[in-house]
Amino acid sequence: MGAFQSGSLAERNRFDRVVRIPTPTPLPVGDINAYLILPPSGSESLTLIDTGVKSPEAFEALRQGFKAVGFSIEQVDRLLLTHAHLDHFGQARRIRDLSGATVYASRAEAERMTGYWSPSAQRDEVTLSWFRRWGVPDDMLRSDGGMREMARRFLDPIEVDAFLEEGDSIQAGDFRLEAIWTPGHCEGHLVFYERDLRLLFSGDHLLTDISPVPLLIFPKDPDQERPKSLVRFMRSLERVEALECELVFPAHGDVI
């Protein structure tokens, strides 16, 4: 399974039955890749992994990506979400409204998708108590860098249709995508592995030329031990390293 490296933009982003669709974001990380899995011959069963943010520009980029390979967003049957950051699920609700697709995510991330949650916008008293414990100056504690407002602008909350647990599989045409729990970047992050074809859709867990950020997790109980995100991330890397892969499709950057 390889890419067609010459010709149109669609050809340069097509890897046999997998199509990478970069869409713009307002974030420093730049574009995010949504991945469209094309159906086998004689079928119209489409699978999309991640969506991009909710913006006219991102939606148009997604729409043009579908059109370039002869399909439309209205034909999506299933939508798999790696995690609850706005660039990964921001326009999921619009896509489901148009297509009637079934939306899947892990339970931990699905809970966060029901509102305008952002990891940088957490400013509840439990979170603030941790920052104070670490000596963060009071004049810095209340600012979220505009992330709360960005979340309200660039995502639509959604109630997902089905939760994915570790080891669950989704049949996407003749692709069988296994959900693998990879905590670290966030609590309920999932990657999707096609074992027979040795393909991995890695979300933000593996990136081509960016170091994934193991984001802080704050327990609801201030006396509870805080999960160590970097330790979790390194253990998740060990799990993924053991997989046999020929191509990895990351959320940002070139295919690995």
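Everything quoted here is computed from the prediction, not taken from an experiment. Only heavy atoms go into these numbers, but all of them, side chains included; no hydrogens, no water, no symmetry mates. Just so you know, residue 1 is the first one in the sequence shown, and it goes up from there.
A distance below 6.0 Å separates the ring centres of Phe15 and Phe249. For His88 and His83, the ring centers are positioned less than 6.0 Å apart.
Under the ring-ring contact (aromatic ring centres under 6.0 Å, His included) rule, Phe201 has a single partner from Tyr35, Phe192, Tyr193, which is Tyr35. Partner of His85 under the ring-ring contact (aromatic ring centres under 6.0 Å, His included) criterion, chosen from His185, His189, His252: His185.
Of all heavy-atom pairs between Val69 and Phe71, the closest is O-CD1, 3.2 Å. Contact between Leu62 and Thr51 at its shortest, heavy atoms only, is CD2-O, 4.1 Å. Gly173 and Pro40 make their closest contact through CA-CD, 4.1 Å (heavy atoms, listed as atom of the first residue, atom of the second, distance). For Val53 against Pro24, the heavy-atom pair with the smallest separation is CG2-O, 3.7 Å. Smallest separation of non-hydrogen atoms from Gly52 and Thr23: CA-OG1, 3.6 Å. Scanning both residues, Ala92 and Leu81, for their nearest heavy atoms gives CB-CD1, 4.3 Å.
Judged as a salt bridge (charged side-chain N to carboxylate O under 4.0 Å, His left out), the pairs with a partner in residues 86-97 (not counting sequence neighbours) are, in order, Arg93-Asp156, Arg96-Asp161.
Under a 3.5 Å cut-off, the side chain of Glu166 and the backbone N or O of Ile180 do not form any donor-acceptor pair. Between the side chain of Glu194 and the main chain of Phe175, no donor-acceptor pair closer than 3.5 Å is present. Judged purely by atom type and a 3.5 angstrom limit, Gln75 uses its side chain to pair as donor or acceptor with the backbone of Ser72.
Leu243 and Ile256 fall within a single hydrophobic cluster, where Ile, Leu, Val, Met, Phe, Trp and Tyr are joined by side-chain heavy atoms under 4.5 Å apart, directly or via other members. Under the 4.5 Å side-chain heavy-atom criterion for grouping Ile, Leu, Val, Met, Phe, Trp and Tyr, Val248 is not connected to Trp181 through any hydrophobic cluster.
In this structure, a donor-acceptor pair under 3.5 Å is absent between the side chains of Thr102 and Arg78.
Taking the six-membered ring where the residue is Trp, Trp130 and Phe218 present tilted rings, their angle falling between 30° and 60°.
The shortest side-chain heavy-atom distance between Met234 and Leu230 falls under the 4.5 Å cut-off.
Partners of Arg195 according to the side chain to side chain donor-acceptor pair (under 3.5 Å) rule, which considers only residues two or more places apart in sequence or in another chain, are Glu178.
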